[in-house]
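See below for the structure under consideration.
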Amino acid sequence: MLSSTDVITPQGYAKFQQYLEKVCGIMLSDNKQYLVASRLGKLLEREEIDRLEDLVSLLERSDGALEEEVINAMTTNETLWFRDIHPFKILKEKILPEFSSHPLRIWSAASSTGQEPYSISMVIDEYKSSCPGKLRSGEKIIATDICTNILEHAKQAEYDSLAIVRGLSDDLKKRYFDKLDSGSWKIKAPIRSRVDFRYLNLIDSYSSLGKFDVIFCRNVLIYFSPNLKLDILTRMHKSLNPGGYLFLGGSEALSGLSSMFEIVQCHPGIVYRVK
């Protein structure tokens, strides 16, 4: 029923595209009706909404709870441990050795279910073990996401048998996780303690987060318009300390910001450094 043209009309789909981009920056292409149908079907049935444009009208006059539910449903949360591996090697081998005089602050933007910030925390732990006395001033990882239910999952730091094996070696699993009676795996407290999860919509201000030495903003900019990408990256530049580093996803690149960042070739992999 939901996928029928009576429910998702061209006019209704266009209105929903505009609404979603306005509230969270996500751009839906013109052929994603099936995605909307699969992710919002139960919500529309529960609310007894017959047309997608009626949902938009309801969202525009309702409180934030329904909007939060829609954003949660429409957010993509694909992730794994040490995704694309090169950024984590660059962090350990190039970036971490540069910091010793002040507390290291790292931001994991769009942190999803927590694999990225916890992977960063494991890298820091491995580096400190191999280089005793380094990072003596401490380190903190701020992990943000727009999806509230995903943030709660990340804070729990518990992963089932399928999630735990995606990108994680047996050695790291044994070293940094405890197996629970339920069969799930929980990250050990020292790794969890470095990570502070917070709600953040990337189209909003970052001022409350403070300044960072490293930002991971990977595989999220692909969902935004060129203008919004430029705005986000410009504001992230302002959030980085002089000489700070920015990691983007493998299919993402800086455009129009060569005056703010320089490319650092790491063979393999690249990272962007504040000029």
Side-chain angles (χ1 to χ4, degrees), residues 72 75 77-85 87-93 95-96 99-100 102-202 206 208-220 239 245 247:
N72 285 348
T75 302
N77 293 292
E78 172 65 20
T79 189
L80 65 156
W81 306 99
F82 299 95
R83 186 174 183 177
D84 303 325
I85 199 60
F88 301 95
K89 289 185 176 180
I90 295 170
L91 177 67
K92 182 178 180 180
E93 297 172 5
I95 298 176
L96 293 184
F99 293 93
S100 60
H102 67 273
L104 174 68
R105 299 190 81 242
I106 299 176
W107 176 15
S108 170
S111 59
S112 189
T113 45
Q115 280 90 332
E116 180 175 88
Y118 289 134
S119 294
I120 294 170
S121 186
M122 284 185 256
V123 167
I124 290 172
D125 192 80
E126 286 193 309
Y127 174 74
K128 294 180 74 171
S129 296
S130 62
C131 302
K134 298 293 186 179
L135 296 179
R136 288 171 296 185
S137 298
E139 61 283 329
K140 193 68 178 178
I141 303 162
I142 305 298
T144 66
D145 203 276
I146 193 174
C147 190
T148 53
N149 57 355
I150 289 298
L151 279 172
E152 289 305 311
H153 179 97
K155 290 175 184 177
Q156 293 298 315
E158 295 181 15
Y159 300 89
D160 62 27
S161 56
L162 293 177
I164 197 70
V165 298
R166 300 192 66 210
L168 192 71
S169 68
D170 286 339
D171 176 62
L172 291 177
K173 182 172 71 173
K174 292 175 183 177
R175 197 185 320 170
Y176 293 123
F177 291 78
D178 293 316
K179 190 168 185 179
L180 306 178
D181 292 340
S182 63
S184 296
W185 296 78
K186 189 177 182 73
I187 296 176
K188 293 181 182 291
I191 302 302
R192 299 198 313 268
S193 65
R194 290 193 185 94
V195 185
D196 178 12
F197 287 96
R198 304 182 191 180
Y199 169 84
L200 182 75
N201 187 335
L202 286 176
Y206 310 153
S208 65
L209 301 179
K211 291 280 193 175
F212 296 95
D213 301 296
V214 183
I215 295 177
F216 282 71
C217 182
R218 305 172 62 235
N219 308 300
V220 63
S239 297
Y245 292 92
F247 286 101

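Both backbone and side-chain heavy atoms feed into the values below; hydrogens, waters and symmetry mates do not. The structure presented is a predicted model; accordingly, all values stated were derived computationally and were not measured.
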query = Does Glu139 pair with Arg194 as a salt bridge, N-O distance under 4.0 Å?
reply = yes
Problem set entry | Within 6.0 Å of NZ in Lys89, more than 12 heavy atoms from elsewhere | no
When every non-hydrogen atom of Ser108 is compared with those of Pro117, the smallest separation belongs to OG-CD, 3.5 Å
Are Ile124 and Ile106 packed together at the side-chain level, in the sense that at least one heavy-atom pair is separated by less than 4.5 angstrom? yes
Quick one: does Ser119's side chain have a donor or acceptor within less than 3.5 Å of a partner on Phe82's backbone? yes
Next on the checklist: Treating Trp81 as the side-chain partner and Ala163 as the backbone partner, does any N or O pair qualify as donor plus acceptor under 3.5 Å?
Outcome noted: yes
So CD of Glu116 and CZ of Phe247: to nearest 0.5 Å the spacing works out to 10.0 Å
Quiz item: Stepwise, does the side-chain contact (heavy atoms from CB on, under 4.5 Å) test hold for Ile150 with Thr75?
Solution: CA-CA 10 Å; Ile150 289 298; Thr75 302; over 6 Å; no
So OH of Tyr206 and CG of Leu200: to nearest 0.5 Å the spacing works out to 7.0 Å
CD of Gln115 to CD1 of Ile187, rounded to nearest 0.5 Å, is 8.0 Å
Can you tell me if Asp145 uses its side chain to pair, donor with acceptor, with the backbone of Ser112 under 3.5 Å?
-> yes
The reported gap from OH in Tyr118 to OG1 in Thr113 (rounded to nearest 0.5 angstrom) is 10.0 Å
(Q) Please check if the number of heavy atoms outside Lys188 that lie under 6.0 Å from its NZ is greater than 12. (A) yes
side-chain contact (heavy atoms from CB on, under 4.5 Å) filter on Ser169, not counting sequence neighbours, yields Asp171, Leu172
Please walk me through it: do Phe177 and Met122 pass side-chain contact (heavy atoms from CB on, under 4.5 Å)?
CA-CA 11 Å; Phe177 291 78; Met122 284 185 256; 4.1 Å; yes
Residues Val195 and Ser121: closest non-hydrogen pair is CG2-CB, 4.3 Å
Problem set entry | Any Arg192 side-chain heavy atom under 4.5 Å of Lys186 side chain | yes
Notebook entry, point to check: Hey, are the side chains of Leu91 and Phe216 touching, using non-hydrogen atoms and a 4.5 Å cut-off?
Noted result: yes
**Request:** Step through the shown structure and confirm whether more than 12 heavy atoms of other residues, nucleotides or ligands are within 6.0 Å of NZ on Lys179.
**Result:** no
Taken to the nearest 0.5 Å, the spacing of Asp213 CG from Phe99 CZ works out to 4.0 Å
Between the main-chain N or O of Pro87 and the side-chain N or O of Arg218, is there a donor-acceptor pair closer than 3.5 Å? no
Exercise for the section: Could you please spell out the steps behind the side-chain contact (heavy atoms from CB on, under 4.5 Å) verdict for Ile215 and Tyr245? Expected result: CA-CA 6 Å; Ile215 295 177; Tyr245 292 92; over 6 Å; no
Does either side chain, that of Ser184 or that of Glu158, offer a donor lying less than 3.5 Å from an acceptor on the other one? no
Using a 3.5 Å distance criterion without hydrogens, assess whether the side chain of Thr144 forms a donor-acceptor pair with backbone atoms of Ala109.
no
Are a donor atom and an acceptor atom from the side chains of His153 and Asn77 found within less than 3.5 Å of each other? no
Q.
Does any part of the side chain of Ile90, heavy atoms only, come nearer than 4.5 Å to the side chain of Ile95, both counted from C-beta?
A. yes
Check: Ile142 main-chain N/O paired with Asp196 side-chain donor or acceptor under 3.5 Å
no
### Message
Quick check against the 3.5 Å criterion: does Ser129 have a side-chain atom that pairs as donor or acceptor with the backbone of Asp125?
### Response
yes
OG1 (Thr148) and CG (Asn72) are apart, to the nearest 0.5 Å, by 3.5 Å
Scanning both residues in full, the closest heavy-atom pair of Phe88 with Ile120 reads CE2-CG1, 3.9 Å
Kindly indicate whether the side chain of Glu126, heavy atoms from C-beta on, has any atom under 4.5 Å from the side chain of Tyr176.
-> yes
